[in-house]
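Single-structure report; data block below.
Index from 1, following the sequence.
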Amino acid sequence: VQQAASYVSGGQYDNWGTQQARKLFRQGQQRASRRFEIDVFEPDFVDATDKRDVLDNLKRYPEAQYSIRLALAEMRYYGDRKDLPRVEVWYETCIERAENDLQRLYAINKMAGIHLDIGSGAGSLPYYELVVTINPADPWAWHNMSIVHLKHGNLDRAGYCNRRALDVMEFGAAQGILAALIKEWGRNKHEDPLTDVPRYPMSEEAAMGWVKQQKGLGKKLGKLLGN
């Protein structure tokens, strides 16, 4: 929890928070040695040069064969190396091992974040759309989609995602995107098409219908949601 709370952006973590998380982890190991549920966090706290050995050693535990936590660690490992084919393999493993929507959402968000950090970020969009289909009240998924759409000049879609984010929660990052959109709309004499549209949220049924229309998403969505 301490490590997750220390996340800043772009795969980077606050140094102080990471140090405190590492301290708690080492204390846990001292009190209960050779426990998979503790040792599985070790990849988060070792140098990059040692991470592969740590991950391989964890696979000696019987619990490794069904651990979503270990699969997520493999996703991060290959994401750091920009090896998207192997990230995809471990992502599918995460989905198979997920026991509930919360775990499923975490894995999808992780996959979206890896794509967001690599290249143009466009590859993150199908995954964020899956996230908001399962949980339309996720402001950061909407916000991250607005960033990608704005980056690629899709002002209408960026505006839509930004509105959805701000409808869920007012926060500075989304307000910053709104300011950037207003500036772009003014510069291009582009009229905000959402000005007279009623406020959201969109119903979950409507969100599901929109996502299923997207190219290539229907099949993946059905697989992930078990439909």
Side-chain angles (χ1 to χ4, degrees), residues 1-7 9-11 13 36-38 40-41 43-44 55 58-59 61-80 83-118 121-149 161 164-165 167-169 200-227:
V1 173
Q2 177 72 55
Q3 176 76 341
S6 303
Y7 184 76
S9 65
Y13 292 82
F36 178 79
E37 60 268 31
I38 296 175
V40 73
F41 289 92
D44 293 338
L55 287 167
L58 284 168
K59 291 174 184 175
Y61 286 94
E63 299 95 325
Q65 63 184 321
Y66 55 81
S67 169
I68 187 172
R69 176 76 196 184
L70 181 56
L72 286 165
E74 290 282 8
M75 276 183 65
R76 288 194 298 274
Y77 175 82
Y78 288 111
D80 290 343
D83 188 342
L84 286 177
R86 291 192 179 183
V87 171
E88 179 71 32
V89 169
W90 283 105
Y91 166 72
E92 295 294 343
T93 301
C94 287
I95 296 303
E96 291 171 3
R97 294 179 180 180
E99 298 178 356
N100 51 55
D101 274 353
L102 188 61
Q103 290 183 344
R104 208 167 287 117
L105 276 170
Y106 190 87
I108 300 169
N109 256 313
K110 182 62 65 176
M111 187 64 167
I114 289 171
H115 275 279
L116 191 64
D117 294 338
I118 296 175
S124 69
L125 292 174
Y127 298 99
Y128 280 129
E129 284 161 358
L130 287 172
V131 170
V132 299
T133 297
I134 299 171
N135 178 22
D138 186 329
W140 289 101
W142 288 114
H143 171 65
N144 287 334
M145 284 195 289
S146 73
I147 292 174
V148 176
H149 284 300
C161 293
R164 293 298 301 270
D167 279 341
V168 177
M169 181 176 73
Y200 304 103
M202 178 191 287
S203 70
E204 188 171 353
E205 182 181 358
M208 181 75 77
W210 186 89
V211 173
K212 284 187 175 179
Q213 292 174 9
Q214 305 310 296
K215 183 179 180 181
L217 270 185
K219 184 177 179 180
K220 184 179 285 290
L221 180 63
K223 178 181 178 182
L224 291 182
L225 299 183
N227 294 334

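- In this structure, CG on L130 lies 12.5 Å from CG on N135, to the nearest 0.5 angstrom.
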Between N144 and S124, does the side-chain contact (heavy atoms from CB on, under 4.5 Å) criterion hold? Intermediate values first, please.
CA-CA 9 Å; N144 287 334; S124 69; over 6 Å; no

Q. Do Q103 and R69 pass the side-chain contact (heavy atoms from CB on, under 4.5 Å) test, and can you show the C-alpha distance, the side-chain angles, and the key distance before you say yes or no?
A. CA-CA 10 Å; Q103 290 183 344; R69 176 76 196 184; over 6 Å; no

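- Of all non-hydrogen atoms in I68 and C94, the two that sit nearest each other are CD1-O, 3.6 Å.
- Between the side chain of E92 and the backbone N or O of V89 there is no donor-acceptor pair closer than 3.5 Å.
- Partners of R97 under the side-chain hydrogen bond (donor to acceptor under 3.5 Å, both in side chains) rule, at least two apart in sequence or in another chain, do not exist in this structure.
- Applying the ring-ring contact (aromatic ring centres under 6.0 Å, His included) criterion to Y66, with sequence neighbours excluded, gives no partner residue.
- When every heavy atom of V87 is checked against every heavy atom of G79, the shortest pair comes out as CG2-N, 3.4 Å.
- The residues E96 and R104 are annotated as not salt-bridged, no charged nitrogen and carboxylate oxygen being separated by less than 4.0 angstrom.
- Taken to the nearest 0.5 Å, the CG atom of N100 stands 9.0 Å off from the CG atom of L105.
- The two residues A64 and L58 make their nearest non-hydrogen contact at CB-O, 3.5 Å.
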Evaluate the side-chain contact (heavy atoms from CB on, under 4.5 Å) criterion for residues Y91 and I108: first the C-alpha distance (whole Å), next the side-chain angles of each, then the deciding distance (0.1 Å), finally the verdict. CA-CA 8 Å; Y91 166 72; I108 300 169; 3.6 Å; yes

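- Here A141 pairs with Y128, V131, V132, D138 under the side chain to side chain contact (heavy atoms under 4.5 Å, CB included) rule; sequence neighbours left out.
- A search for ring-ring contact (aromatic ring centres under 6.0 Å, His included) contacts involving H143 returns W140, F171, not counting sequence neighbours.
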Show the numbers, then the answer: is there a side-chain contact (heavy atoms from CB on, under 4.5 Å) between E88 and M111?
CA-CA 8 Å; E88 179 71 32; M111 187 64 167; 3.1 Å; yes

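- Classified by interplanar angle (parallel below 30°, tilted 30° to 60°, perpendicular above 60°), the ring pair H115/Y127 is parallel.
- Between the side chain of S67 and the main chain of E63, no donor-acceptor pair closer than 3.5 Å is present.
- Considering every non-hydrogen atom in both P139 and A137, the closest pair reads CD-O, 3.1 Å.
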| request: Report the C-alpha distance between D167 and R164 in whole Å, list the side-chain angles of each, state the deciding distance to 0.1 Å, and finish with yes or no for salt bridge (Lys or Arg N to Asp or Glu O under 4.0 Å). | output: CA-CA 5 Å; D167 279 341; R164 293 298 301 270; 5.4 Å; no

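- M75 contributes atom CE, which lies 4.0 Å from atom CD1 of I114 (distance to the nearest 0.5 angstrom).
- Note that NZ of K110 is 7.5 Å distant from CG of L72, once rounded to the nearest 0.5 Å.
- From R76, atom CZ reaches atom CG of D80 across 8.5 Å, with rounding to the nearest 0.5 Å.
- When the side-chain hydrogen bond (donor to acceptor under 3.5 Å, both in side chains) test is applied to Y77, the partners found at least two apart in sequence or on another chain are R81.
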